[in-house]
Structures are given as structure tokens and as C-alpha cells.
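Just so you know, these numbers use all the heavy atoms, side chains as well, and skip hydrogens, waters and symmetry mates.
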Amino acid sequence: MDTKTTPEERKFRLTPEEKSSWEENGYFIRFNVFTEEENDLLRQVADDIAIGKRLFPAKNINQNALVRDGKAEASGVNAMHCIHHINKYSPEFLARTRDPRLTDPVVDLIGPNILGLNNLYIWKPPEIGLGFPWHQDRWYFNRSYKTEKTVGTWTAFDAADIDNGCLYVIPGSHKNEVHEHVALEGSQQNEFKLALGARDEDGVAVEVQPGSVIFFNNKLLHKSTDNHSGRFRRCNVAHYISANAERVPNKNIKNVHPVMWVRGGTYSEKMEPVHHDVLPIPEEQEN
């Protein structure tokens with residue numbers, strides 16, 4: 001892959017309207033980015049991991065909390081919640097992470113040197129899929145890097161609407177401070193904490209069709225709701241960070257987010273610019 005492209009050569013570069021929405025609202029949406037066939041390929045990869053057809057670290061695979069706690073019955077992919085760092089072990093998801101349809105706009109937002117942070121595949125199964133409270137990704141990433149430059153991408157594999165647990169955002173909240181986050185009892189896998197001060201009445205539902213991508217600022221307050229429908233709400237979430245970011249010293253190496261080369265040069269680990277396929281990364285505990 002040739003990553004040394006000029007702005008004119010980047011087919012999927014940011015538009016003026018998207019840049020305006022990013023600055024004013026903290027997010028923008030692109031529709032019809034990926035085809036059904038492209039998403040079906042990744043969907044099958046994730047399903048094969050879930051049912052054991054592909055080798056994958058068990059600690060990175062999370063079951064639905066209601067099934068895990070004996071409050072609901074389900075099997076196979078209907079019992080699943082998500083996979084962490086799926087692009088670390090799946091070449092198909094790694095290729096998606098580096099796809100210019102995702103990374104071209106990111107270059108305009110954080111520069112040409114890009115690393116990948118956490119990459120999730122989320123099932124949110126029918127009837128029992130659980131949502132997450134209001135949160136800001138910056139609150140989590142601040143523990144790993146000194147930077148304001150991270151971008152999240154949220155790719156819909158199914159139609160995402162109010163009934164099946166779509167995203168909600170608070171437009172413009174990226175302009176404010178990072179809120180204090182506190183734990184909630186019974187949260188799915190204890191992954192996300194509640195941002196204090198966020199109000200449901202300020203939220204806007206972001207309903208999108210399959211193949212759409214939501215690009216969002218790491219300070220944007222966002223949440224998702226439970227799936228009350230008979231349909232899946234599957235998605236892939238990829239976070240990007242400037243490779244020039246400085247890592248926060250951390251004595252507990254297990255709590256450090258793993259990073260992966262995406263495009264450009266890698267400087268963040270105080271190395272000479274390199275083009276690693278995968279950076280040397282530590283093993284980490286689940287969030």
C-alpha cells in the first residue's frame with residue numbers, strides 16, 4: 001500500500017461540508033461507503049470466531065452480559081456481545097482498518113501519520129443486545145496517550161435505528177471538557193462508564209443504513225440503547241490516533257492500549273519512521 005499520497009490523490013478526502021459538521025457538531029456521516037458483500041465477508045469472519053471456527057484469544061471475546069449472567073438464553077452468535085482488537089488477528093479486519101475510505105478523511109483530521117487503537121466488532125443481538133451509557137472516548141485514551149488527535153469510525157453492518165439500539169450523540173459536546181466518568185452496576189462487561197452531567201434530552205439519534213460510516217471526535221458524548229427489536233445491530237468500530245502522539249508513562253504495561261500501524265510514518269514510540277504491519281504490542285487486560 002502506498003501511503004505517501006498528496007491531498008489531490010486521496011479519492012475519499014474530507015469535503016467542506018463534512019469539515020464544517022466535524023468542527024460544529026463533532027461528527028459527520030458518510031452513506032453507502034461499504035457494500036453488502038464487503039460487510040458480509042467481515043460478518044462471516046466474526047461469526048466464525050464466535051463459534052470457534054477460527055482461532056482467537058478467548059479473553060478478547062465477550063459474551064452478552066444477560067446470557068453470561070443467566071438472565072437470558074441464547075446460543076451461537078445470538079449469545080455474543082463483541083470482539084476486542086479483532087484487526088490484530090484477522091487480516092480481513094486489518095485491511096478494513098487501513099481502507100482509504102476510512103483513512104483518507106482521517107488524514108485530513110489528524111494528519112498523514114496514523115496508528116490504530118482499539119478495534120471492535122459488536123453484535124448487539126435481537127431482544128437482548130445491551131446499550132452503553134453516555135461516554136467520551138477521550139476519557140479512556142487519555143490514560144495511554146497525550147493527544148487531542150483521535151478519530152472514531154463506526155461502520156454499520158445492519159440498519160441502525162431507534163428500535164434496535166442505534167447511536168445517540170450530543171452535537172457540539174466535543175467543544176467542552178472531558179467529563180468525570182463513574183461505574184454503573186450491571187454494565188455490559190463493565191466496559192463503559194457513565195459521563196456525569198450528560199443529559200438524555202440533549203441527545204440526537206443517529207439512524208443509518210448498512211454500509212454507512214459515522215466519523216466522530218473522541219470528545220463527543222455518545223451512547224447507544226438496548227436492542228428491543230427482532231433484528232441484529234452489528235457494527236465495526238475503529239479508532240485512529242496521530243502517530244506523533246506521546247505515550248503516557250504507565251508502570252502497569254497490561255493497561256496500555258495496543259497500537260497498530262495504519263498509514264504514514266510511526267513516531268509515537270520514539271522510533272525512526274517505520275512501516276510495520278503490526279507494531280510490537282504488550283498483552284493487555286480487558287477494559
Side-chain angles (χ1 to χ4, degrees), residues 27-54 56 60-84 86-87 90 92-93 96 99 101-102 118-135 152-170 184 186-189 191-192 200 203-216 220 222-238:
Y27 74 101
F28 63 89
I29 306 168
R30 285 192 171 180
F31 300 96
N32 300 313
V33 177
F34 296 104
T35 67
E36 182 178 359
E37 292 73 21
E38 287 175 313
N39 280 345
D40 279 345
L41 171 64
L42 299 191
R43 184 184 294 115
Q44 189 61 57
V45 169
D47 288 353
D48 285 348
I49 291 171
I51 63 177
K53 284 188 176 181
R54 281 203 182 200
F56 204 89
N60 285 17
I61 307 172
N62 289 344
Q63 196 175 43
N64 176 276
L66 296 178
V67 175
R68 177 200 65 198
D69 297 338
K71 298 178 180 179
E73 293 185 3
S75 60
V77 297
N78 289 288
M80 300 309 299
H81 165 51
C82 79
I83 303 176
H84 287 273
I86 190 169
N87 62 348
S90 162
E92 297 90 349
F93 274 91
R96 173 62 65 88
D99 193 297
R101 286 170 286 182
L102 294 181
N118 195 15
N119 191 291
L120 301 170
Y121 181 85
I122 302 175
W123 278 274
K124 192 173 280 194
E127 309 293 349
I128 61 172
L130 298 175
F132 294 108
W134 290 112
H135 65 279
T153 63
W154 194 99
T155 301
F157 280 46
D158 304 290
D161 50 49
I162 291 174
D163 288 340
N164 71 350
C166 68
L167 284 184
Y168 284 73
V169 302
I170 298 181
L184 290 176
S187 175
Q188 168 73 60
Q189 311 297 343
E191 289 180 22
F192 288 92
D200 283 339
V204 174
V206 185
E207 298 183 287
V208 294
Q209 292 301 308
S212 302
V213 180
I214 306 167
F215 292 78
F216 58 98
L220 182 72
H222 58 288
K223 73 169 186 176
S224 71
T225 51
D226 296 348
N227 186 356
H228 298 293
S229 77
R231 298 170 286 125
F232 271 99
R233 196 232 64 183
R234 291 163 288 203
C235 69
N236 178 219
V237 183

Determine whether more than 12 heavy atoms belonging to other residues, nucleotides or ligands lie under 6.0 Å from atom [atom1] of [X].
X   : atom1 : value
D69 : CG    : yes
E36 : CD    : no
E73 : CD    : no

Return the set of residues passing side chain to side chain contact (heavy atoms under 4.5 Å, CB included) with D47 (not counting sequence neighbours), or none when no residue passes. R43, Q44, V77, W123

Residue set satisfying side chain to side chain contact (heavy atoms under 4.5 Å, CB included) with T225, at least two apart, ordered chain then number -> Y168, K223

Are side-chain heavy atoms of Y121 and V45 found at a separation under 4.5 Å? no

Heavy-atom check, side chain of H222 versus side chain of V169, under 4.5 Å: yes

Kindly compute the distance separating [atom1] ([X]) from [atom2] ([Y]), expressed to the nearest 0.5 Å.
X    : Y    : atom1 : atom2 : result
N164 : N227 : CG    : CG    : 5.0 Å
T153 : F216 : OG1   : CZ    : 7.0 Å
M80  : I122 : CE    : CD1   : 12.0 Å
L120 : N236 : CG    : CG    : 8.0 Å
E127 : L66  : CD    : CG    : 11.5 Å
L41  : T35  : CG    : OG1   : 9.5 Å

Between R233 and D161, is a side-chain contact (heavy atoms from CB on, under 4.5 Å) present by the stated rule, with each step listed? CA-CA 9 Å; R233 196 232 64 183; D161 50 49; over 6 Å; no

Given the rule in the side-chain contact (heavy atoms from CB on, under 4.5 Å) test, do N87 and R96 qualify, once you have shown the distances and angles that lead to the verdict? CA-CA 8 Å; N87 62 348; R96 173 62 65 88; over 6 Å; no

Can you name the nearest heavy-atom pair linking [X] to [Y], along with the distance?
X    : Y    : value
P126 : N78  : CD-OD1, 3.9 Å
G131 : D226 : N-OD1, 2.8 Å
N39  : F34  : OD1-CB, 3.9 Å
C166 : A160 : CB-C, 3.7 Å
S224 : K124 : OG-NZ, 3.0 Å
V67  : A79  : CG1-CB, 4.0 Å

Quick check, are the ring centers of F132 and H81 under 6.0 angstrom apart? yes

Which atom pairs, one a donor and one an acceptor, fall under 3.5 Å between side chains of residues 207-214 and the rest of the protein, sequence neighbours left out?
from, atom 1, to, atom 2, distance (Å)
E207, OE2, I162, N, 3.1
S212, OG, Q209, O, 2.9

Test log, rule side-chain contact (heavy atoms from CB on, under 4.5 Å), inputs T155 and L102: CA-CA 9 Å; T155 301; L102 294 181; 4.2 Å; yes

Would you check if the side chain of [X] reaches a backbone N or O of [Y] as a donor-acceptor pair within less than 3.5 Å?
X    : Y    : answer
D158 : R234 : yes
N60  : H84  : yes
R54  : D48  : no

Between R68 and N62, is a side-chain contact (heavy atoms from CB on, under 4.5 Å) present by the stated rule, with each step listed? CA-CA 9 Å; R68 177 200 65 198; N62 289 344; over 6 Å; no

Parallel under 30°, tilted from 30 to 60°, perpendicular over 60°: which one fits the rings of F157 and F93? parallel

